[in-house]
Number of protein chains: 2
Amino acid sequence: MTEKDTAFDLQDFLPYLLNQSAEACGLGFQKIYKGRYGILRSEWRVLFHLGRYGSMPAKEIVARARTHKTKISRAVKALEQKRYLKRERDDADRRLEHLALTPAGARVYRDLVEEARRYDAALLARLPPEDAEALRRALKALAG
Amino acid sequence: MTEKDTAFDLQDFLPYLLNQSAEACGLGFQKIYKGRYGILRSEWRVLFHLGRYGSMPAKEIVARARTHKTKISRAVKALEQKRYLKRERDDADRRLEHLALTPAGARVYRDLVEEARRYDAALLARLPPEDAEALRRALKALAG
DNA sequence: AGGTATTGGTTGAAAATGTAACCAACAAGC
DNA sequence: GCTTGTTGGTTACATTTTCAACCAATACCT
């Protein structure tokens, strides 16, 4: 079989590139929340959604974060055990539980948002501004 | 505590965006190699490196793909069991084993590279060309 | 030569993820 | 009412990933 005109390099394969940079960027921030509060990425996400948008049922976090409900379920349990969130049954529909951060959880949220801002800025500083702009657009388009 | 002037949205947090789009893009291609050959992402990577760059020891795949050696070790074992690669001890340094694709493995490689090209093209088609260019640059800078 | 350190690679246990089955509460149809 | 279907959420099990310990071969040092 003959080689194609343009050899296919992994460095040009978008899913690979995305994965590599997502991992590289994610790891640095993970060190912060994991090292400081011993929480997982899924827990950080739940924490963030509740901190940013206020109390909501788990199903809404599932929809917003586009992750599987088991992941959320376990993250919620873990955060509850760490006393960062509390659940409250809805009286009208007793299947629903409204999740909300405790004061301790809110403090963690605020601290991590601070860090996230800093971290994000540091990442962006590595790019020319017009690339940063295009990057955001492209990622949103690809995230579908 | 007062709100910051600019509310921090997850959609603006680069690690989150990267992760979301990496997952979205990765999943589509995963269906192909997993569905067609029953291989994992780590196995596809090993397969790719060997198919693209020829025989090499595991440690070099580790270095190139920037993954942990246990992951590679297990991927190699799985590919060997599927008869897609064979190992050969180096006579000079008997710790090393040179990995190479079997003819069957090479066929899988060629098929998947075909698919990868197509898949990549389809992804890029969703972006304006100048964004695609900037995206690649940015991702490479961030993967650093 | 001998002793120690390093390297290439494997293995086992613990942690995390994905898949599917499950349960209770509600909704819809009759 | 009763049956069926759906929804919100959890649990159990298999698959993957991670972490640390491990082993054998080589390199280094005296």
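Every value quoted in this text rests on a predicted model; they were computed, and no experiment measured them. Order of the sequence lines sets the chain letters (A, B, ...), proteins ahead of strands, with each chain counted from 1.
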Please list, for nucleotides 13-23 of chain D, all pairs of protein and nucleotide N/O atoms separated by less than 3.5 Å.
| from | atom 1 | to | atom 2 | distance (Å) |
| --- | --- | --- | --- | --- |
| D/dT18 | O4 | B/R74 | NH1 | 2.8 |

Practice item. Scan residues 38-47 of chain B for pairs that pass side chain to side chain donor-acceptor pair (under 3.5 Å), counting only residues two or more places apart or in two chains. Key: B/E43-B/K82
**Study point:** ILVMFWY network linking A/V62 to A/F48, side-chain heavy atoms under 4.5 angstrom
**Key:** yes
Review point. Which pairs, with at least one residue in residues 66-97 of chain B and sequence neighbours excluded, count as a ring-ring contact (aromatic ring centres under 6.0 Å, His included)?
Key: none
Exercise for review: Mark yes when over 12 heavy atoms from residues, nucleotides or ligands other than A/R83 sit less than 6.0 Å from its CZ; otherwise mark no.
Suggested key: no
Revision key, fill the gap. Bend of the helix from C/dA1-D/dT30 to C/dC30-D/dG1 from end-axis comparison, five pairs per end, nearest 10°, comes to 10°
**Study point:** In one Ile/Leu/Val/Met/Phe/Trp/Tyr side-chain cluster, 4.5 Å: B/L40, B/V46
**Key:** no
Review point. Taking CG from A/L96 and P from D/dT7, how many angstroms apart are they, rounded to a whole number?
Key: 13 Å
**Study point:** Set of residues satisfying salt bridge (charged side-chain N to carboxylate O under 4.0 Å, His left out) with respect to A/R89, sequence neighbours excluded
**Key:** A/E97
Review point. side-chain contact (heavy atoms from CB on, under 4.5 Å) with A/E60: which residues, sequence neighbours excluded?
Key: A/M56, A/P57, A/R64
Review point. Does CZ belonging to B/R126 count more than 12 external heavy atoms closer than 6.0 Å?
Key: yes
Exercise for review: On DNA chain C, reading 5' to 3', which nucleotide is the first and which the last to sit with an atom under 4.0 Å from a heavy atom of chain A, could you check?
Suggested key: C/dA16 to C/dC26
Please report, to 0.1 Å, the donor-acceptor pairs under 3.5 Å made by any side chain of residues 137-144 of chain B, with sequence neighbours excluded.
| from | atom 1 | to | atom 2 | distance (Å) |
| --- | --- | --- | --- | --- |
| B/R137 | NE | A/D131 | OD2 | 2.8 |
| B/R137 | NH2 | A/D131 | OD1 | 2.8 |
| B/R137 | NH2 | A/D131 | OD2 | 3.4 |

Check your understanding: Among residues 82-95 of chain A, which contact DNA chain C at a heavy-atom distance under 4.0 Å?
Key -> A/A92, A/D93, A/R94, A/R95
Point to revise | Set of residues satisfying ring pair (Phe, Tyr, Trp, His ring centres under 6.0 Å) with respect to A/F13, sequence neighbours excluded | key: A/F8, B/F29
Point to revise | Pairwise side chain to side chain donor-acceptor pair (under 3.5 Å) hits with a residue in residues 13-38 of chain A, at least two apart | key: A/R36-A/D111, A/R36-A/E115, A/Y37-A/D111
Review point. Which pairs, with at least one residue in residues 123-144 of chain A and sequence neighbours excluded, count as a ring-ring contact (aromatic ring centres under 6.0 Å, His included)?
Key: none
